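Below is one structure, written out as structure tokens; comments come after it.
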Amino acid sequence: MHKIAVFASGSGSNFEAIVTACEKHQIDAEVVLMVCDKPQAKVVERAANHHVPAFAFSPKDYPSKADFEREIVTRLQEAGVELICLAGYMRIVGDTLLEAYGGRIINIHPALLPSFPGAHGIRDAFEYGVKVFGVTIHQVDATLDGGKIIAQRGFEYYGRDIDELEQKIHAVEHILYVETINKLLK
Ligand code: GAR
């Protein structure tokens, strides 16, 4: 059984989808660590509900990014993590993490990259007026949403309801992330 970590900063619906898939043996892996840079985020509660060990920290408690990333790397190594899945972790990964886990970190983004990178992919695509939306899973490097693309799934949407669109995107994310993790671990 593989050991994976999920990093998140917010609600954690992708975390929930990944953990649930592991629990149902749809992925041959266990989420051995959830890392969160916002101790009040809902994902922390979700991790507790699923008995997943969590490292929730405030970046401001550390002198620099390298300092909190060193602590993260120690915890990842102690837990024997093989693959890191960023799921709404709203932070650029720094050199310390990349040096330790480069090539083994993936991210999910709620748009068809390279269009609409950044923190507001859904809103940016909606406001631009595109009609094909989608989700990208890519390798993580030092750029913002810029690493090599691993998987993408798109769909047409002509509606005008951004909440409905967001729900559709999340539904695609949850399926595509589980499928992609499975493929990478095989
Ligand atoms: C997801 O839509 C994910 O694609 C996005 O944050 C959301 C987290 O939702 N990530 C990015 O925008 C990365 N640039 P969740 O907390 O419910 O999983």
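Remember, it's a predicted structure, so these values are computed and weren't measured experimentally.
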Decide whether [X] and [Y] meet the rule of one side-chain donor and one side-chain acceptor closer than 3.5 Å.
X: R46; Y: S13; answer: no
X: Q167; Y: H170; answer: no
X: H50; Y: E23; answer: yes

Which atom names give the shortest non-hydrogen contact between [X] and [Y], and what distance separates them?
X: V132; Y: E156; value: CG2-CG, 4.1 Å
X: F15; Y: V31; value: CE1-CG1, 4.1 Å
X: D28; Y: N182; value: N-OD1, 4.3 Å
X: V44; Y: P39; value: CG2-O, 3.7 Å
X: I162; Y: R123; value: CD1-CA, 3.9 Å
X: C36; Y: V43; value: SG-CG1, 3.8 Å

Can you classify the ring geometry of Y157 versus F133 as parallel (below 30°), tilted (30 to 60°) or perpendicular (above 60°)?
perpendicular
Between S11 (side chain only) and K42 (backbone N and O only), is there a donor and an acceptor less than 3.5 Å apart?
no
Check: K65 side chain, I92 main-chain N or O, donor-acceptor pair, under 3.5 Å
yes
Going only through I, L, V, M, F, W and Y residues with side-chain contacts under 4.5 Å, is there a path from [X] to [Y]?
X: F155; Y: Y128; answer: yes
X: M90; Y: V6; answer: no
X: L113; Y: V130; answer: no
X: L112; Y: V172; answer: no

Can you tell me how far the [atom1] atom of [X] sits from the [atom2] atom of [Y], to the nearest 0.5 Å?
X: L184; Y: I137; atom1: CG; atom2: CD1; result: 8.5 Å
X: D61; Y: D67; atom1: CG; atom2: CG; result: 11.5 Å
X: H109; Y: S115; atom1: NE2; atom2: OG; result: 9.0 Å
X: I181; Y: I4; atom1: CD1; atom2: CD1; result: 5.0 Å
X: I150; Y: Q152; atom1: CD1; atom2: CD; result: 11.0 Å
X: D141; Y: Q139; atom1: CG; atom2: CD; result: 8.5 Å

Any ion pair linking [Y] and [X] (charged N to carboxylate O, less than 4.0 Å)?
X: R75; Y: E71; value: yes
X: K3; Y: E30; value: no
X: R153; Y: E179; value: yes

Test question: given the 4.5 Å side-chain rule for I, L, V, M, F, W and Y, name all other residues clustered with L76, or answer none.
F7, V32, L33, V35, F55, F57, Y62, F68, I72, V73, V81, I84, L86, Y89, V93, L97, L98, Y101, I105, V140
Side-chain touch [X]/[Y], heavy atoms, less than 4.5 angstrom:
X: S58; Y: K38; result: no
X: D37; Y: S9; result: yes
X: M34; Y: P53; result: no

Under the side-chain hydrogen bond (donor to acceptor under 3.5 Å, both in side chains) test, which residues partner N107, sequence neighbours left out?
H138, D145
A quick test of your reading: do over 12 heavy atoms of other residues, nucleotides or ligands sit less than 6.0 Å from NZ of K183?
no
Please identify which of these residues, D95, T74, T96, meets the side-chain contact (heavy atoms from CB on, under 4.5 Å) condition with E69.
T96
Report the residue from N14, I169, I18 that forms a side-chain contact (heavy atoms from CB on, under 4.5 Å) with H174.
N14
Which residues pass the ring-ring contact (aromatic ring centres under 6.0 Å, His included) test with Y177, sequence neighbours left out?
none
For T136 and I108, run side-chain contact (heavy atoms from CB on, under 4.5 Å): C-alpha distance rounded to whole Å, both residues' side-chain angles, the deciding distance at 0.1 Å, then the answer.
CA-CA 6 Å; T136 303; I108 190 157; over 6 Å; no
